Protein chains: 2
Amino acid sequence: MPDNTEKPVRSGTDTAAGERPRRRQARGERRIAQLLAAAASVFCSAGYTAASTNAIAREAGVSPGTLYQFFPNKEAIAIELGDRLVHEMRETYGEALAPVEPGTPLEEAVAAAVDRFIDFNCRHPVFFALMHGPDIPGRIAEEHDALHATLLSRVEVLLACFMPDTPAADVSRTAQVCLSVYKAALEVVLGHEGAEREAYVRELKDLLVRYLTPLTAPRAGAPAGVPWRNTP
Amino acid sequence: MPDNTEKPVRSGTDTAAGERPRRRQARGERRIAQLLAAAASVFCSAGYTAASTNAIAREAGVSPGTLYQFFPNKEAIAIELGDRLVHEMRETYGEALAPVEPGTPLEEAVAAAVDRFIDFNCRHPVFFALMHGPDIPGRIAEEHDALHATLLSRVEVLLACFMPDTPAADVSRTAQVCLSVYKAALEVVLGHEGAEREAYVRELKDLLVRYLTPLTAPRAGAPAGVPWRNTP
DNA sequence: GGGAAACGCGAGTGACTGCTCGTGTTTGCC
DNA sequence: GGCAAACACGAGCAGTCACTCGCGTTTCCC
């Protein structure tokens, strides 16, 4: 195993004041994008550990040496890729889990969140492979954990709008269940296409709504199949 | 990569009339059990691909050569392990998904199935690592697919007891959702212990019951929070 | 134009892998 | 006891992997 001593060389676009600003040329930025796209393809079809850096370089049409001109090691490729994906997700869908104004139906909030995240994952299948792959190394796992924690707290806040009288621990557990269920459904959804895919998305929404509805209605004898309201 | 030509040597306990019956001594059987236990431990903590045969042999306290006296290759170790686990599961919990007699509450059926499978997976954490690991090779994936298909059809039959008027395609999709949700919850459950674990199990049961209840009750206006009955 | 730095190459390096093989020991059966 | 087969060993083989290095090419800036 190669040594894991810290390397001063920073890859990617951030010209942070590390040690060597390493002015990138336009050609270099193009190569980086190329390599990242190739890595996404290879990671997606083979998983992180099974993807060899030589294969990524070959997919990008460059030599292994060129790859290492831009990334200090294999992990850095996945990290940069994950960073960019998380950044795009935060930017494009950040508001999907924002607390809703009082009175918004639960169905609406669930549908909006599910639709946006499903859409993102369908357009970036690497994301699922990178974040939920079991063979990812430490740094990416950290990144995944951080993202998971962020999403979790977002979902908690969102849920708190609908179940204001529930203890925080229970809300947290409910949020965790929602995220896990979403992840499971995502795997199934990504495994189907067209009408079947949409049917599973529909099923996921129903599942979440049915799971959450009783938690938002303090009275057990409330009528079912009717729009609910939880704001006093 | 070493050649994958078929090897006549059969490992494990089955003295099937293949090519060489290879009479095992008691010592050999003990070694096999030892090696399988070591493999379970290593697979569990490192995953299949990251687990090296040398590490398995070391964990078992034998030399690499001894390991290959009983298993033709690394894959065979995982296959034998998976076979034994599946066999034990089928034997011990096979009836967990048997069709219930009419009138059995859905809650009861769900709770029984969930409890048994959760229990099994808690006692054999390797099972989850082997079956749901993303880096498993072809043969084990086949085994997993076969088991998944078996469970799926069992769940379909079970669900058909509760939703007799639903098209088969919808029942199948519902069963698929149930299994995926179970798998997702299993991951969470295995990640916690004690009271928290039980709370998540409780949550999983509630989730499944709430998801399935509306499907079993054709009338949308039926009262909620009350035991239901779907048999005419 | 000229020089420095970024870019690009690809054979090569060392570590590790799954697996083999020659040799020696233990076991079961007569 | 004796013998064949099963068992056990561990150095070593072939292969792959992540990664390096020396050298040639292109680009930018003056």
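Every chain is numbered from 1 and lettered A, B, ... according to where its sequence line falls, protein lines coming before strand lines. Here the structure is a predicted model, which means the values were calculated and not measured.
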Of all the choices, [options], which nucleotide is nearest to the side chain of [X] once you look at every atom?
X     : options               : value
B:S63 : C:dG18, D:dC9, C:dG10 : D:dC9
B:K74 : C:dG28, D:dC7, C:dC19 : C:dC19
A:R31 : C:dG8, D:dC7, D:dA8   : C:dG8
B:R23 : D:dT20, C:dC29, C:dG8 : C:dC29

OP1 or OP2 of [N] under 4.0 Å from side-chain N/O of [X]:
X     : N      : result
B:Y68 : C:dT20 : no
B:T66 : D:dC9  : yes
B:R22 : D:dC7  : yes

Quickly work out the [X] [atom1] to [N] [atom2] distance and round it to whole Å.
X     : N      : atom1 : atom2 : answer
B:F71 : D:dC7  : CZ    : P     : 12 Å
B:F70 : D:dC9  : CZ    : C1'   : 12 Å
B:R27 : C:dG28 : CZ    : P     : 8 Å
A:N54 : C:dA11 : CG    : C1'   : 12 Å
A:L35 : C:dG8  : CG    : P     : 9 Å
A:F43 : D:dA18 : CZ    : C1'   : 12 Å
B:R30 : C:dT27 : CZ    : P     : 9 Å
B:E29 : C:dG28 : CD    : P     : 13 Å

With no hydrogens and no angle check, is any side-chain donor or acceptor of B:K183 less than 3.5 Å from a backbone partner on B:C178?
no
Measure from the side-chain N and O atoms of A:T174 to the backbone N and O of A:D170, and report whether any donor-acceptor pair falls under 3.5 Å.
yes
On DNA chain C, check which nucleotide each of B:S52 and A:G61 is closest to and give me the residue with the more 5' one.
A:G61
Taking for each residue the nucleotide of DNA chain C with the nearest heavy atom, is it B:T53 or B:Q25 whose nucleotide lies nearer the 5' end?
B:T53
Going by the side chain to side chain contact (heavy atoms under 4.5 Å, CB included) test, name the single residue among A:L212, A:L208, A:V181 that passes it with B:L207.
A:V181
Identify whether any heavy atom of B:A55 sits under 4.0 Å from a base atom; if not, whether one sits that close to sugar-phosphate; answer base, sugar-phosphate or nothing.
nothing
Looking for any heavy atom pair under 4.0 Å, which part of the strands does A:G28 touch: base, sugar-phosphate only, or nothing?
sugar-phosphate
Going by heavy atoms in the side chains, are B:H148 and B:Q176 under 4.5 Å from each other?
yes
Parallel, tilted or perpendicular: which one describes the rings of B:H192 and B:Y200, with boundaries at 30° and 60°?
tilted
Using heavy-atom distances to pick each residue's nearest nucleotide on DNA chain D, tell me which of B:A26 and B:G65 is more 5'.
B:A26
